[in-house]
There are 2 protein chains.
Amino acid sequence: MDTKYLAIYNHYVEKIESGQLRPRTKLPSEHELTRMFHTSRETVRKALNLLAQNGYIQKVKGKGSFVLQVDRFEFPVSGLVSFKELAARLGKESRTRVLSLKATAPEGEMVNHLNISPSQPVWQVVRTRTIGGETIILDKDCFRQDIVPELTVEICEDSIYEYLERILEKKISFAKKVITVEEPTEEDRNLLDLDGYPMVVVVENYVYLEDATLFQYTESRHRPDKFRFVDFARRHQ
Amino acid sequence: MDTKYLAIYNHYVEKIESGQLRPRTKLPSEHELTRMFHTSRETVRKALNLLAQNGYIQKVKGKGSFVLQVDRFEFPVSGLVSFKELAARLGKESRTRVLSLKATAPEGEMVNHLNISPSQPVWQVVRTRTIGGETIILDKDCFRQDIVPELTVEICEDSIYEYLERILEKKISFAKKVITVEEPTEEDRNLLDLDGYPMVVVVENYVYLEDATLFQYTESRHRPDKFRFVDFARRHQ
DNA sequence: GAGGGCAACTTGTATATACAAGTATGCAAG
DNA sequence: CTTGCATACTTGTATATACAAGTTGCCCTC
């Protein structure tokens, strides 16, 4: 709700996600919107382009903007969403257990993943995620200690992202994800309710701040039957 | 190379992907770029915002635009890329085999997936993809026949996307993907070199045209060890 | 009735301008 | 040496205008 164009964007995100605007509905034309929101056409267009980018509407030259079907309440949603946000959306009972939390020098692969010197200490966190009584996700996080100076079990049980953004006022900017499928390790078998499943889905996550410094590497290991990734992509710009 | 801002965008995509511009390099300021490209600042900003969206650069208020590390030559790349485009990028020897191609009424699930009436005939194509001697992907495509009137084995062996865009001049606009992991079916076991792997990665793909009509549903079934999905996402806009 | 063409609409691109806000630099005062 | 401030830079937002290009509907002509 910061700027004008974000206000317009959020206004329509709400209307579309809540179902007040059905798919195939035509939005008012850009000229009408400028009148409705007492602003300029370029500002309206910024909002509409954002909506189109994120899959809410489709713009057709000469015709107008039309509401698309959104079904982004699936698990897990594409993009950058924390476990806590996800669980809240699903409305399911969930639990995060912190298995270990230690400050160490980065070990082996971590040096490469975080692209730092071995002398730069890091936080290493291992957590399991339980939904509906089943332990489904094993998260192994690694944070640069110079960026996250203090970390407690309580914070890890809650939401690390929330702590970073609200308390430390660090702004998470973007992330790269790599999804692969592997055989479970001994650790996976011990910590997860694998239920006989012979593979795990591994999501490697590289998280960057606004100044493009890589400050977190996460390996998220999922039981395959509970894994689901949804992606929306436009072919050309 | 259509419009000015796309020309600037493509100019820097090339320079960044080819390595001529190293990560952490600072781009010229927006004012400088307007002079360099003989255009206006807003046009430059359109190009830069596109670069930022797609993970090529990071814009920092008060500082400038900086080149990010791009490693999008991984397999398969995120977004909407056809198998032929992918194979070309990887430079590997690849082969597409058409196992069946028939025009039928949509069966069972297809009616739901394509959201059409049972009287609307469709093309059903089953293909396998072989890379480096191993048959790794099983593709089951379903196209609306009113949109794709003619389809031959030759086209299916080449690239259906290319045929659609170049010959039919249909413009693919966006797609939704859902990635899950399942146990292989009898069909998977017969047609793929599963090599003992007990699961397959299933990518459901819903492809839409510019007028937002859903015209294709594809189920792409991958051998898990050869599957890889890369995603780039910005947290806020 | 069929077709062409004009007019009025839509979104897309490009330009110019103004001000806000974050960052870096250097200089002067303490 | 440190602090604070002014200044010149950077990107972000907002506005107004013009024209291009695709779509729709209407009217006129044949």
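Chain A is the first sequence line, chain B the second, and so forth, proteins listed ahead of strands; every chain is numbered from 1.
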Whether B:Tyr56 and B:Tyr9 hold their rings parallel, tilted or perpendicular, with breakpoints at 30° and 60°: perpendicular
Its contact letters, B for base, S for sugar-phosphate only and - for none at protein heavy atoms under 4.0 Å, make nucleotides 5-13 of chain D read -----BBBB
Are the ring centres of A:Phe229 and B:Phe229 closer than 6.0 Å? yes
Considering all heavy atoms of both residues, which atom of A:Leu151 and which atom of A:Leu101 are nearest to each other, and what is their separation? O-CD2, 3.7 Å
Hey, what's the ring geometry for A:Phe227 with A:His222, parallel, tilted or perpendicular (30° and 60° as the breaks)? perpendicular
Would you say the side-chain atoms of A:Ser65 and A:Gln58 include a donor-acceptor pair closer than 3.5 Å? no
Would you tell me if any nitrogen or oxygen in the side chain of B:Thr39 comes within less than 4.0 Å of OP1 or OP2 on C:dA14? no
